[in-house]
2 protein chains.
Amino acid sequence: MTTTARRGPGRPSLTERRREDTRTEVSRVAARLFTERGYDATTVEDIAAGSGMALRTFYRYFRAKEETLAPLFAAATRDWVDRLADCPPELGLVDALLAAYRASVRHSRVTNGIDEAQLRALLRMMEGHPAFRATWLVVHRDSEDQLRPVIAARVGAAPDDLAVRLAAGTANTAVRIAMERWAVGEASVRSAEEAVAQALREVASGGLLAP
Amino acid sequence: MTTTARRGPGRPSLTERRREDTRTEVSRVAARLFTERGYDATTVEDIAAGSGMALRTFYRYFRAKEETLAPLFAAATRDWVDRLADCPPELGLVDALLAAYRASVRHSRVTNGIDEAQLRALLRMMEGHPAFRATWLVVHRDSEDQLRPVIAARVGAAPDDLAVRLAAGTANTAVRIAMERWAVGEASVRSAEEAVAQALREVASGGLLAP
DNA sequence: GAATTTTTTGGCACGGAGTGCCTGTTTGGC
DNA sequence: GCCAAACAGGCACTCCGTGCCAAAAAATTC
């Protein structure tokens, strides 16, 4: 972490940020072990040992083994939402969503977070590993809730308006489906970015539901 | 089950249906125990005993404790998709989705499946119970895949077309969000049916994403 | 209908997951 | 240096989930 971060009012405290860093660090270790040995063959003790902590301490950071990858996935969606909030307000919602995604994926390539190759490998492991699938879906469900206030602010509505909820849900679903298509290596998908662009453009056009 | 069922070509075998019945039965027992005592306070042995089977046998029907409610949730979405397939083709997609939902909820009120009050109670338990949340989301993710071929058939496209995937994902998300709104008892929601109708109409109009 | 094969069920033992409780160790303010 | 609060670790214990083998039940064959 090289960013010079002032404490700021809405900003999490130093302790909380340290905690998040630890979680991310453990998450990276787990991702490596899972891809190397598989999910079942990796014990929580392995992850704890690899992270230089005791088993009991691991459980102070994660409620369950299957939660271990959540910080890694969540970092990606979190970053996307944050960049959406920073997008110029005159941009249309879909354009902003796409621009935010592009900025996020470009930036996270050079900095911390999860790199695309690893994310892809993990997503491919999801088939046949219910625990993985569940984590992936839970992270996206959380992302939906994070998206709501940002979308609400852009369109000038309340975060719990039905229209805002649905916009968040739809946008989020589009990104999820795009990444799932990209992960399995569908022929017409050249990059995650392209997949997301296609999906967002499709829902922006109304798609099959609004003919 | 009192329906006189011929074997039919696409129909599952008797053994498979017996198995499904057993799963549903156990699912109902678990739903009762969870609502009575809470999720954590209910052990798998309780569920097995309540279902008249040994613990080891339970694990021949379910891979994990958190999977126990899946048949109950899945029966609802499965029924919805089946009725969509039976809707007259000249009906618009959104109208058909809504009609199928109405038929499903009306019919399952008198026959087997899960009744609304219990579903609502279980959904309300989801807050603070990650395992529940995950199951709910996984069921809806599966529903998305079941929806694809049916939608594809209606609009005359391939099931793995991006547009079909997104329509399935969006429709499914709309229903999920509607039910989540209904479950928490939002003021502007009088019934699950009304919530779903509102949500589907909103996405049919294009919503905030297609202004 | 008796014998046999196949499927289903249950008991047992075992390792990993997850937690309550208590003891050490670090951190930070004085 | 002293004390308090937060954090890490060890230990014991319960529950989850599974491999393995034996008993029971169901289907099949003669």
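Excluded from the calculations below are hydrogen atoms, water molecules and symmetry mates; all remaining heavy atoms, backbone and side chain alike, are included. Below, read A as the first sequence line, B as the second, and so on, with proteins coming before strands; counting in each chain starts at 1.
- The pair B/R176-B/E180 counts as a salt bridge, with a side-chain nitrogen and a carboxylate oxygen less than 4.0 angstrom apart.
- Residue-level contact check: B/R63 touches the backbone only, with heavy atoms under 4.0 Å from sugar-phosphate atoms and none from bases.
- Ion pair B/R17/B/D21 not flagged as a salt bridge, since none of the NZ, NE, NH1 or NH2 atoms sits closer than 4.0 Å to an Asp/Glu carboxylate oxygen.
- Donor-acceptor pairing under 3.5 Å is recorded for the side chains of A/T173 and B/T173.
- A cation-pi arrangement, defined by a distance under 6.0 Å to the six-membered ring centre and an angle within 45 degrees of its axis, is absent between A/K65 and A/F58.
- When distances are taken from the side chain of B/T57 to each of C/dG10, D/dG17, D/dA8, the shortest belongs to C/dG10.
- Between B/E36 and B/R32, at least one side-chain nitrogen of the basic residue sits less than 4.0 Å from a carboxylate oxygen of the acidic one, meeting the salt-bridge criterion.
- One atom, CZ of B/R18, and another, P of C/dT9, lie 11 Å apart when rounded to the nearest Å.
- Put simply, A/Y59 has a side-chain N or O that comes within less than 4.0 Å of OP1 or OP2 on C/dG18.
- A cation-pi contact, defined as under 6.0 Å to the ring centre and within 45° of the axis, links B/R23 to B/F62.
- Salt bridge absent: B/R181 and A/D160 never bring a charged side-chain N and a carboxylate O closer than 4.0 Å.
- The nucleotide whose nearest atom lies closest to any side-chain atom of A/A64 is, among D/dG9, C/dG18, D/dA8, C/dG18.
- Residue contacts shown for B/F58 are absent, as no nucleic acid heavy atom lies under 4.0 Å away.
- The distance between atom CD of B/E66 and atom C1' of D/dC15, rounded to the nearest whole Å, is 14 Å.
- The base of C/dG10 sits within donor-acceptor range of the side chain of B/R60, with an N or O pair under 3.5 Å.
- On a pure distance criterion of 3.5 Å, a polar donor-acceptor pair joins the side chain of B/R56 and the base of D/dG19.
- Across residues 30-48 of chain B, not one residue has a non-hydrogen atom less than 4.0 Å from an atom of DNA chain C.
- One atom, NZ of A/K65, and another, C1' of D/dC15, lie 16 Å apart when rounded to the nearest Å.
- In this structure, A/L55 atom CG and D/dA12 atom C1' are separated by 13 Å, rounded to whole Å.
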